[in-house]
Protein chains: 2
Amino acid sequence: MPKPKTDSRDRLIETAARLFQRQGYQGTGLSQIVEESGAPRGSVYFLFPGGKEELAIEAIEQSTLMVRKQIELAAGNSHSVEEWIRSLAAHFIEDLESSNYLQGCPISTVTLESVPDSPALQKACRLAYDLWIEDITIVLIRFGIHKEDAGELAVFLLSAVEGALILCRAQGSAKPLEIGTKLSIELVKAKQHGIMEP
Amino acid sequence: MPKPKTDSRDRLIETAARLFQRQGYQGTGLSQIVEESGAPRGSVYFLFPGGKEELAIEAIEQSTLMVRKQIELAAGNSHSVEEWIRSLAAHFIEDLESSNYLQGCPISTVTLESVPDSPALQKACRLAYDLWIEDITIVLIRFGIHKEDAGELAVFLLSAVEGALILCRAQGSAKPLEIGTKLSIELVKAKQHGIMEP
DNA sequence: CGTTATATATACTGATCGTTATAGTTTCCT
DNA sequence: AGGAAACTATAACGATCAGTATATATAACG
């Protein structure tokens, strides 16, 4: 594994990830990525022979990893599901507010754009969600959620967050995510104590 | 109010709505809209002097109305919240499956793209969500949800659906929405019977 | 030192984009 | 029938896009 001799590659990926999060894939030009990253124009197709699509895939993969780390970090610092969910929510709210409600989910816009235009990009997005669901499921079980509930609950919680982030961006407010946090906690606790049977 | 002499306007709006739903705003060219609509090229800027943005706003408004009608229709045909939620979910699942998982929420992609590029378009998207939340809230109250719970519950249910639709598109499966339906019903019923206090 | 791989500069391509200008056609109304 | 309004056709515009070709520079390494 060769070691890079410049940080151009990282700069491009990081900038691309931020711009794709805010503006989506189609809405972000390579020129803007180059400018804001400060990386040299001539390096783009040397570092990413696959062009924009390859850069986007790497950006998505990086964003995927960031969220995974956040899920784990929040779980490690928490002593209950409630605390964990609050911690995670706080992170997203911070991201929203510090960006004037421009940065929601780092991959949702690209996901919606990439189906079915770019199969490779779509695959990266799909993997992201699958991994997040897996991570959430594991943490839920760790916090005492019944194994047979955890999987579906993870999907539902992720759905609620993703949707709330859209509403937050649309409304320019963190309120939907706050509501989502509150009700998610109620739901999880109810599931945890088995006071909820269909 | 003048009556139109052709159906070009409606054709353009309808086609634009479908394409924006599938491909988003940036991913949809005016040429494609013209072609698929069958409307004459020369009419676009006559019917929509504001160009693509104006057409998009009208498309979003039409999609907004469609969903509102669906919410009301499903409510009218149902005798319980559970039935209502199932009916609504069935509609979205039908839309997903009949489009090979290309058609999720009709406005979410555009919403994420329009912030903050086009304030007018963003406004239309925001209004859409506000109206849907209002509609859902009213129906929830009609079905016996406590007034003080209905507003937040509506936001949460809409979030869950929006997020689930993203996951469905990413995974090419209706499973996330099915899970969302199931858990949403459980949550609403619990709220309805007051067996859930934080 | 010199060679090789890595990295960057520059210029250009062909395509597509949204938009505009101008002219021509159709339809309605009196 | 005639004139006005509604509608459409066509062509071109400037801009931007992703991508490519070629040349040059920088660094690592023997």
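Computed from heavy atoms alone, side chains included, the values below leave out hydrogens, waters and symmetry copies. Lettering follows sequence order; numbering is per chain, from 1.
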Which of the following nucleotides, [options], is nearest to the side chain of [X]?
X       : options                : value
B:Tyr45 : C:dT8, D:dA9, C:dT19   : C:dT19
B:Arg41 : D:dT10, D:dA18, C:dT8  : D:dT10
A:Pro40 : D:dT8, C:dT8, D:dT10   : C:dT8
B:Thr6  : D:dT10, C:dA7, D:dC7   : D:dC7
A:Leu30 : C:dG18, C:dT10, D:dA18 : D:dA18
A:Ser31 : D:dC17, D:dC7, D:dT10  : D:dC17

Under the 6.0 Å and 45° cation-pi test, does A:Lys52 pair with A:Tyr45? no
Pairing partner (Watson-Crick or G-U wobble, both distances under 3.5 angstrom) of D:dT16: C:dA15
Does the side-chain hydrogen bond (donor to acceptor under 3.5 Å, both in side chains) test come out yes or no for B:Gln103 and B:Arg22, once each step is laid out? CA-CA 5 Å; B:Gln103 294 181 189; B:Arg22 293 180 175 225; 2.9 Å; yes
Nearest whole Å is fine: how far is [N] [atom2] from [X] [atom1]?
X       : N      : atom1 : atom2 : value
A:Lys52 : D:dT16 : NZ    : C1'   : 11 Å
B:Leu12 : D:dC7  : CG    : C1'   : 12 Å
A:Glu35 : C:dA9  : CD    : P     : 14 Å
A:Phe46 : C:dT6  : CZ    : C1'   : 5 Å
B:Leu47 : C:dT19 : CG    : P     : 15 Å
A:Gln32 : D:dA18 : CD    : C1'   : 15 Å
B:Glu53 : C:dC17 : CD    : P     : 18 Å
A:Glu54 : D:dA18 : CD    : C1'   : 14 Å

According to a 4.5 Å side-chain heavy-atom criterion applied to Ile, Leu, Val, Met, Phe, Trp and Tyr, with indirect links allowed, do [X] and [Y] form part of one hydrophobic cluster?
X        : Y        : result
B:Ile85  : B:Leu73  : no
B:Leu157 : B:Leu131 : no
A:Leu65  : A:Ile107 : no

Can you tell me if A:Gln122 and A:Ser114 form a side-chain donor-acceptor pair at under 3.5 Å? no
Among residues 13-29 of chain A, which residues get a heavy atom nearer than 4.0 Å to DNA chain D? A:Thr28, A:Gly29
Aromatic plane relationship, B:Phe156 with A:Phe156 - under 30° parallel, 30 to 60° tilted, over 60° perpendicular: perpendicular
Look at the side-chain N and O atoms of A:Ser43 and state whether any lies under 4.0 Å from the OP1 or OP2 oxygen of C:dT8. yes
